[in-house]
Every structure is written in structure tokens, then in C-alpha cells.
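Following: one structure in C-alpha cells, then a few remarks.
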Amino acid sequence: MTGILTEHFAGKWPFWLSPRQVMVVPVMPMFNDYATELQRKLHLQGIVIDTDLDDGSTLNKKVRNAQLAQYNFIFVVGEKEKTSGTVNVRTRDNVVHGEFSVEDITEN
């Protein structure tokens, strides 16, 4: 059954079945605390979420690595997102959906 599903979805699992649902990517190391806080908050909501805190990688490389790892959503966070309590949402297909509040994300 797992083999059939893997072949059918070509490794791009739907959100409800995905072992890699969300990756949080801070734009700079100074926003690692906000990314970690966001990870903790969403994990408590039952979302499978990871954070890329590698200070040696550029933002583009972090986003590309998350896309290659087939994360359903990539949350990019920086100064603007931290001050407003939001995240910038992208998909693994590099579609940018824009900013959403953390409350909006946990409701849907």
C-alpha cells in the first residue's frame, strides 16, 4: 500500500499524510529565536514542523533544501514577520502565498 501511494504522489505527499509538513527558515541568525518559538507553538497544534537554523547557508539555499526535501510549506521569517507576528508562506513548488498571521495558520 505504501508503495502504491508513493508512486501515485511521486513523493509529494499531501499535507495530512506528509512526514515533512512545514520548514521554518529565518532570513538571518538574529531571527532564530522567533523561528524556534514559531516551531514550538505550531508543534503544540499537531503540525510536523522543522526549523533550519544553519547559519552557514544563505536564505535561497535554505529554501531550496526545503523544496528538495519535499516540505509542503516553507515559512520564511524575518524582521517584518517577527514584529507583526506573521510568516511568509511558500509551497514546495515555489509559489509564494504571502504573509499570514500565526493564528490564521493554526485555524486552517
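One is the number of the first residue; the rest follow in order along the sequence. For clarity, every value in this text was computed on a predicted model and none was experimentally measured.
Side-chain atoms of Leu53 and Thr36, non-hydrogen and from C-beta on, do get closer than 4.5 Å to each other. Put simply, the side chain of Val77 reaches to within 4.5 Å of the side chain of Val24, judged on heavy atoms. The shortest distance between side-chain heavy atoms of Glu99 and Lys80 falls below 4.5 Å. You'll find the side chain of Asn88 stays beyond 4.5 Å of the side chain of Phe75, heavy atoms only. Between Arg90 and Val76, some side-chain heavy-atom pair lies under the 4.5 Å cut-off. Residues Tyr71 and Val22 have side chains not in contact (no heavy-atom distance under 4.5 Å, counting atoms from C-beta outward). Between Glu37 and Arg40 there is a side-chain heavy-atom pair separated by less than 4.5 Å. Considering only heavy atoms from C-beta on, Asp55 comes within 4.5 Å of Asn32 through its side chain.
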Check against side chain to side chain donor-acceptor pair (under 3.5 Å), Thr86 and Glu81: CA-CA 5 Å; Thr86 61; Glu81 292 80 13; 5.3 Å; no
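Panel note: side chain Asp52, backbone Asp54; a donor-acceptor pair is recorded below 3.5 Å. The backbone N or O of Gln70 sits less than 3.5 Å from a side-chain atom of Arg92, completing a donor-acceptor pair. The main-chain N or O of Val95 is found under 3.5 Å from a side-chain atom of Thr91 such that the two form a donor-acceptor pair.
Shortest non-hydrogen contact noted between Gly46 and Gln21 is O-OE1, 4.3 Å. What you find for Lys62 and Pro26 is that their closest heavy atoms are NZ-O, 3.5 Å.
By the 6.0 Å contact criterion, NE2 on His43 is open, its count of non-hydrogen atoms from other residues, nucleotides or ligands being 12 or less.
The CG atom of Asp33 lies 12.5 Å from the CG atom of Leu38; values are rounded to the nearest 0.5 Å. Here His97 contributes atom NE2 and Ile74 contributes atom CD1; the two are 10.5 Å apart, rounded to the nearest 0.5 Å. A distance of 9.5 Å separates CZ in Phe73 from CD1 in Ile47, rounded to the nearest 0.5 Å. The NZ atom of Lys41 lies 10.5 Å from the CD1 atom of Ile105; values are rounded to the nearest 0.5 Å.
Linking ILVMFWY residues whenever their side-chain heavy atoms come closer than 4.5 Å, directly or via other members, leaves Val96 and Val89 in distinct clusters.
Side-chain contact, Gln39 with Asp50: no donor N or O sits under 3.5 Å from an acceptor N or O.
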